[in-house]
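Everything below concerns the one structure shown next.
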Amino acid sequence: MTGIEFLASFIRTGRLHGIGIGSTLAEVGRALPYRCVDVVDEGGASLRRDYGFVEFYFNPGSEWVMSGGSIELHRLANAPGRAARWGAGTGVDFTPYTAWADVREALSELPAAPELTVTAQGGFLEYRAETSCVSLLVVDDEEERRGRHVGHGDLWSAGLWAPVRPN
């Protein structure tokens, strides 16, 4: 599967290899049994699991539960080895650059694609899919060129966030 196809599915479902908001640390470990780094904050109030360019965030309880995550696509521009390692394990092939136009086209071909809202975020455009709790940052600075960094119109990151639930 290409990174573009993978991202389109992620935007539609809010799931990544079968895991998402509410998944436990153990479930993430079973879905992604690859080398990673776990960092618990000093007070034990949060945990970050880092796979290189994919990160998940957890809140404590009777067990650690996922509260968010991100795919830091901008990290691939100057470290393509990260994408190669991820692809070898997951079967998802990312390229160093991911054009938002390509992802948007792939998303439009999926059934039940979510509606996206867009807001300017100082050099970026943020696209949010409320139904899947996915947020996408796209480089909106026309002077940014591809090289060691992503360029204009490329995805910077794709994030997963927990919705706020009323009390």
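Only heavy atoms go into these numbers, but all of them, side chains included; no hydrogens, no water, no symmetry mates.
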Using 4.0 Å as the upper bound for N to carboxylate O, is an ion pair formed by Arg128 and Glu130?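 Here Glu130 pairs with Arg128 in a salt bridge, since their nearest N and O are under 4.0 Å apart.
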Provide the closest heavy-atom pair for [X] versus [Y] in the form atom of the first, atom of the second, distance.
X	Y	value
Arg49	Cys36	NE-SG, 3.5 Å
His17	Ala31	O-CB, 3.7 Å
Val134	Trp161	C-NE1, 3.6 Å
Phe58	Ser23	CE2-O, 4.1 Å
Pro114	Thr131	CB-OG1, 3.3 Å
Arg82	Phe53	O-CE2, 3.9 Å

Counterpart residues, side-chain hydrogen bond (donor to acceptor under 3.5 Å, both in side chains), relative to Thr90 (two or more places apart):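 Checked Thr90 against side-chain hydrogen bond (donor to acceptor under 3.5 Å, both in side chains); matches are Trp86.
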Please enumerate all residues that pass side-chain hydrogen bond (donor to acceptor under 3.5 Å, both in side chains) together with Thr2, with sequence neighbours excluded.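 For Thr2, the residues satisfying side-chain hydrogen bond (donor to acceptor under 3.5 Å, both in side chains) (neighbours in sequence not counted) are Glu5.
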Results of ring pair (Phe, Tyr, Trp, His ring centres under 6.0 Å) for Tyr127 - residues two or more places apart only: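 Checked Tyr127 against ring pair (Phe, Tyr, Trp, His ring centres under 6.0 Å); matches are Trp100.
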Under the ring pair (Phe, Tyr, Trp, His ring centres under 6.0 Å) rule, collect the residues that match up with Trp64, sequence neighbours excluded.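 Expected list: none.
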Examine distances only and state if a side-chain atom of [X] and a backbone atom of [Y] form a donor-acceptor pair shorter than 3.5 Å.
X	Y	answer
Arg15	Arg12	no
Glu27	Thr24	yes
Tyr97	Gly147	yes
Ser9	Phe6	no

Spacing of [X] atom [atom1] and [Y] atom [atom2] [to the nearest 0.5 Å]:
X	Y	atom1	atom2	result
Glu72	Glu55	CD	CD	5.5 Å
Ser70	Tyr57	OG	OH	3.0 Å
Ile11	Ser132	CD1	OG	7.5 Å
Leu155	Asp102	CG	CG	9.5 Å
Ile4	Asp93	CD1	CG	11.5 Å
Asp38	Arg48	CG	CZ	9.5 Å

Who clusters with Val39? Use side-chain heavy atoms, under 4.5 angstrom, across I, L, V, M, F, W and Y, and order the result by chain and number.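 When side chains under 4.5 Å apart are linked, the cluster holding Val39 also contains Val37.
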Measuring only between side-chain heavy atoms, which start at C-beta, is [X] closer than 4.5 Å to [Y]?
X	Y	answer
Leu16	Leu160	no
Leu73	Phe94	yes
Glu63	Leu25	no
Tyr51	Val28	yes
Ser157	Leu137	yes
Ile19	Phe56	yes

Determine whether Val40 and Val65 fall in the same hydrophobic cluster, where Ile, Leu, Val, Met, Phe, Trp and Tyr are linked whenever their side-chain heavy atoms lie under 4.5 Å apart.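 No, Val40 does not connect to Val65 through the hydrophobic network.
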Qualifying residue for side chain to side chain contact (heavy atoms under 4.5 Å, CB included) with Thr98, from Val138, Leu7, Leu76, Asp154: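 Running side chain to side chain contact (heavy atoms under 4.5 Å, CB included) over Val138, Leu7, Leu76, Asp154 with Thr98 returns exactly one hit, Leu7.
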Got more than 12 heavy atoms from elsewhere within 6.0 Å of CD, Glu115?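 No - once you tally the heavy atoms of other residues, nucleotides and ligands closer than 6.0 Å, there are 12 at most.
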With a 3.5 Å cut-off and sequence neighbours excluded, list the donor-acceptor pairs that the side chains of residues 116-125 form with protein atoms.
| from | atom 1 | to | atom 2 | distance (Å) |
| --- | --- | --- | --- | --- |
| Thr119 | OG1 | Gln121 | NE2 | 3.3 |
| Gln121 | NE2 | Glu126 | OE1 | 3.1 |

